[in-house]
Enquirer: 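First, the structure itself, so that you have it in front of you.
A note on names: the letters A, B, ... follow the listed sequences, proteins ahead of strands, and every chain is numbered from 1. Only this structure's heavy atoms are used, side chains among them; waters, hydrogens and symmetry mates stay out.
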Number of protein chains: 2
Amino acid sequence: MRSSYKTQGMDTSQYTPGEVAARFGLSLDTLRYYEKEGLLTEVERTPSGHRRYRPSDVELLDLVRCLRDTDMPIARLREFAELVRDGDHTVQSRLELLADHDARLTERIAQLRERQQAIRHKIDYYRGVLAARSGEEDPR
Amino acid sequence: MRSSYKTQGMDTSQYTPGEVAARFGLSLDTLRYYEKEGLLTEVERTPSGHRRYRPSDVELLDLVRCLRDTDMPIARLREFAELVRDGDHTVQSRLELLADHDARLTERIAQLRERQQAIRHKIDYYRGVLAARSGEEDPR
DNA sequence: CTTGTAGCTGGAGCGCACTCCAGGTCAACC
DNA sequence: GGTTGACCTGGAGTGCGCTCCAGCTACAAG
């Protein structure tokens, strides 16, 4: 819970590492790791060197997590973050990158559903075995 | 392509490692790895020590691949394979294991779809940016 | 008999995405 | 001034799922 307000000027909504980590369910190590890997655009620091995340950082992190949750590899996320860093003229490229990921995701979901069907057939088969077995009961 | 037929008795439908690997798109190393990890019930050998996979092996491998493709960890697959090895009285447990996996899978698919929605919103946002930009054209 | 292709073993190595750690600093409160 | 708790750094370590390799054997074709 943000409690401290800095010496001068009300804090313009920045978040401590602890807050951000909690919000996304990440460890501090992971947060730092993402930064080190270039998935976050340069995070602000307090004079003493502690990180302060601004809303734009949090927003990017939100997207990064979304993409990670859908199995985009770190390397590809880095590419994306670089495009973001490079400014407005990269919007087209970002769009392509995301559209490509979206397509992969569609494919992946379809594959998972197919496999799930197969698994359910197996489950049904086992149910059948159990049913047949309880049908014969003890043969006395 | 099975061409060789063994010295005596037509081969009762066994497959060489190469055949099986090709069929499932696995490497020989992966195939051996699965066996070493206990995901396959004891595979037959020729007198000289070469593996010969029987239809039942192939069938189990098919299920194993299906489960791996849906991200079941090796350790869990081993549990499953052990149940298979332990015989018919484990059908109930196998059923539970598969049903559990099925539930996870449903959840995972739902999560992927949610994330995909978020990604699509971002894509739409970028499309909007590009559209607006081409709308203003060069301001002459 | 030589060559070629496929397979065998045990063990090392790899890429990925974290995760942990030692040894420090900073800021606030009692 | 001492303690506490959050944060800092660089670098090592981990777990998973393969993947590679050296050095060997098997066996069918030419």
Enquirer: Grab the NE2-C1' distance between B:H50 and C:dT5 for me, whole Å please.
Expert: 11 Å
Enquirer: Return yes if the base of D:dC18 and the side-chain atoms of B:D29 contain a donor-acceptor N/O pair under 3.5 Å, otherwise no.
Expert: no
Enquirer: Check this one for me: any side-chain N or O of A:T46 less than 4.0 Å away from OP1 or OP2 of C:dC26?
Expert: no
Enquirer: Round to the nearest Å and state the distance from B:E35 atom CD to C:dT9 atom C1'.
Expert: 12 Å
Enquirer: What is the separation between atom OH on B:Y15 and atom C1' on C:dA6, rounded to the nearest whole Å?
Expert: 19 Å
Enquirer: So which of A:L39, A:L77, A:D62 actually passes side-chain contact (heavy atoms from CB on, under 4.5 Å) with A:L67?
Expert: A:L77
Enquirer: Among A:R127, A:K122, A:R120, find the residue that satisfies the salt bridge (Lys or Arg N to Asp or Glu O under 4.0 Å) test when tested with A:D124.
Expert: A:R127
Enquirer: With a cut-off of less than 4.0 Å, is there a side-chain N or O of A:T16 near OP1 or OP2 of D:dA6?
Expert: no
Enquirer: May I ask you to check whether over 12 heavy atoms, not counting those of B:R133, lie within 6.0 Å of atom CZ?
Expert: yes
Enquirer: Rounded to the nearest angstrom, tell me the gap between atom CZ in B:R65 and atom C1' in D:dG17.
Expert: 11 Å
Enquirer: Does any residue of residues 68-77 of chain B have a heavy atom under 4.0 Å from DNA chain D, and if so, which ones, in number order?
Expert: B:R68, B:P73, B:I74
Enquirer: Does A:R23 count as lying over the ring of A:Y15, i.e. NZ or CZ under 6.0 Å from the six-ring centre, within 45 degrees of the axis?
Expert: yes
Enquirer: Of the listed nucleotides (D:dC18, C:dC8, C:dA17), which one gets closest to any side-chain atom of A:Y33?
Expert: C:dA17
Enquirer: Surrounding CZ of B:R113 (heavy atoms of other residues, nucleotides or ligands, distance under 6.0 Å), is the total greater than 12?
Expert: no
Enquirer: Which whole-number value in Å describes the distance from A:L28 CG to C:dC18 P?
Expert: 15 Å
Enquirer: Find the distance A:R78:CZ to C:dG15:C1' and express it as a whole number of Å.
Expert: 13 Å
Enquirer: Given atom NZ of A:K36 and atom C1' of C:dC20, what is their separation to the nearest angstrom?
Expert: 11 Å
Enquirer: Hey, could you give me the CZ/CE distance between B:R104 and B:M72, rounded to the nearest 0.5 Å?
Expert: 8.5 Å
Enquirer: Would you indicate, yes or no, if D:dC18 has its OP1 or OP2 atom less than 4.0 angstrom from a side-chain nitrogen or oxygen of B:Y34?
Expert: yes
Enquirer: Quick check on D:dA26: is either OP1 or OP2 less than 4.0 Å from any side-chain nitrogen or oxygen of B:R52?
Expert: no
Enquirer: Tell me whether the OP1 or OP2 atom of D:dT9 has a side-chain N or O from A:R32 closer than 4.0 Å.
Expert: no
Enquirer: OP1, OP2 of C:dC26 versus side-chain N and O of A:R51: anything below 4.0 Å?
Expert: no
Enquirer: Heavy atoms from C-beta onward define the side chain here; which of D:dT19, C:dC18, C:dG7 lies closest to that of A:T30?
Expert: C:dC18
Enquirer: Please determine whether a side-chain nitrogen of the Lys or Arg among B:E42 and B:R85 lies less than 4.0 Å from a carboxylate oxygen of the Asp or Glu.
Expert: no
Enquirer: Is it possible for you to say whether B:L28 and B:L40 belong to one hydrophobic cluster, with membership spreading through side-chain heavy-atom contacts below 4.5 Å?
Expert: no
Enquirer: Rounded to whole angstrom units, what separation is found between the CG atom of B:L40 and the P atom of D:dC18?
Expert: 13 Å
Enquirer: Using only side-chain N and O atoms of A:S48, determine if any of them is under 4.0 Å from OP1 or OP2 of D:dC8.
Expert: no
